[in-house]
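Here the structure is laid out as structure tokens; the discussion comes afterwards.
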Amino acid sequence: MFSLLFCALVLVLLSSSVEAQSILHYTFKPEERLKYHYKVSRSLDAMGKRGLDESVTDFEADPEWLINDVSMNGEATAVLTNRERKETYLSGHARMNSLHFTPQSELSIDRNGKLMFAHILIDDT
């Protein structure tokens with residue numbers, strides 16, 4: 001349940017940040033595949049009982065959108081699959097366990113690229 005809420009929150013935050021920058025001017029096509037690659041890096045310095053604890057972590061994934069259907073008014077349904085998810089600990093032991101991208105989710109997007117709903121199809125938490 002927590003992972004579903006967190007995934008929805010991340011998707012809402014991502015869609016709102018895209019909306020704040022510009023309006024999406026892309027027309028989805030049925031059976032289209034959109035492939036991306038992203039990398040998230042985190043550096044953490046924390047003071048603990050044993051002194052300063054420094055951790056550097058990288059997270060990478062290859063998300064792919066498969067557009068299933070597009071309605072006459074431009075709303076699309078898609079399956080988002082996150083492939084090759086990999087977390088690398090460059091130093092320290094802090095994990096990015098608060099950042100979870102599910103292996104596969106179903107999305108519904110309006111014609112402006114705004115997320116309408118998301119449903120987790122496969123979760124590995």
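When each of E84, E87, H37 is checked for a side chain to side chain contact (heavy atoms under 4.5 Å, CB included) with E60, only H37 meets the rule.
With a 4.5 Å cut-off on side-chain heavy atoms, V79 and Q104 count as touching. Between S105 and L121, every side-chain heavy-atom pair lies at or beyond the 4.5 Å cut-off. T77 has its side chain out of reach of L107: every pair of non-hydrogen atoms, C-beta onward, lies at least 4.5 Å apart. Two residues are said to be in side-chain contact when any heavy atoms from C-beta on lie closer than 4.5 Å; N68 and P30 fail this criterion. A heavy-atom distance below 4.5 Å is not found between the side chains of I109 and E75. Residues F59 and T88 form no side-chain contact, since every pair of their non-hydrogen atoms from C-beta on lies 4.5 Å or further apart. Between Y36 and D62 there is no side-chain heavy-atom pair separated by less than 4.5 Å.
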Step-by-step side-chain contact (heavy atoms from CB on, under 4.5 Å) determination, K29 to I67: CA-CA 7 Å; K29 298 163 197 70; I67 307 301; over 6 Å; no
S41 vs D58, side-chain contact (heavy atoms from CB on, under 4.5 Å): CA-CA, chis, key distance, verdict: CA-CA 4 Å; S41 295; D58 287 343; 2.7 Å; yes
For R85 and T102: C-alpha separation, side-chain torsions, deciding distance, then whether side-chain contact (heavy atoms from CB on, under 4.5 Å) applies. CA-CA 9 Å; R85 297 176 304 154; T102 59; 5.8 Å; no
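Side-chain N/O atoms of Y38 and N82 include a donor and acceptor closer than 3.5 Å. A donor-acceptor pair shorter than 3.5 Å cannot be found between the side chains of E64 and T81.
The structure places CG of L115 at 8.0 Å from OG of S108, a figure rounded to the nearest 0.5 Å. Atom-to-atom distance recorded for F28:CZ and S71:OG is 11.5 Å, nearest 0.5 angstrom.
Shown here for M116 and D110, the closest heavy-atom pair between the two residues is SD-CB, 3.5 Å. Closest of all the heavy-atom pairs between S43 and V56 is OG-CG2, 4.1 Å. Nearest heavy atoms, I122 versus P103: O-CD, 3.2 Å. In terms of heavy atoms, E32 sits closest to T27 at OE1-O, 4.3 Å.
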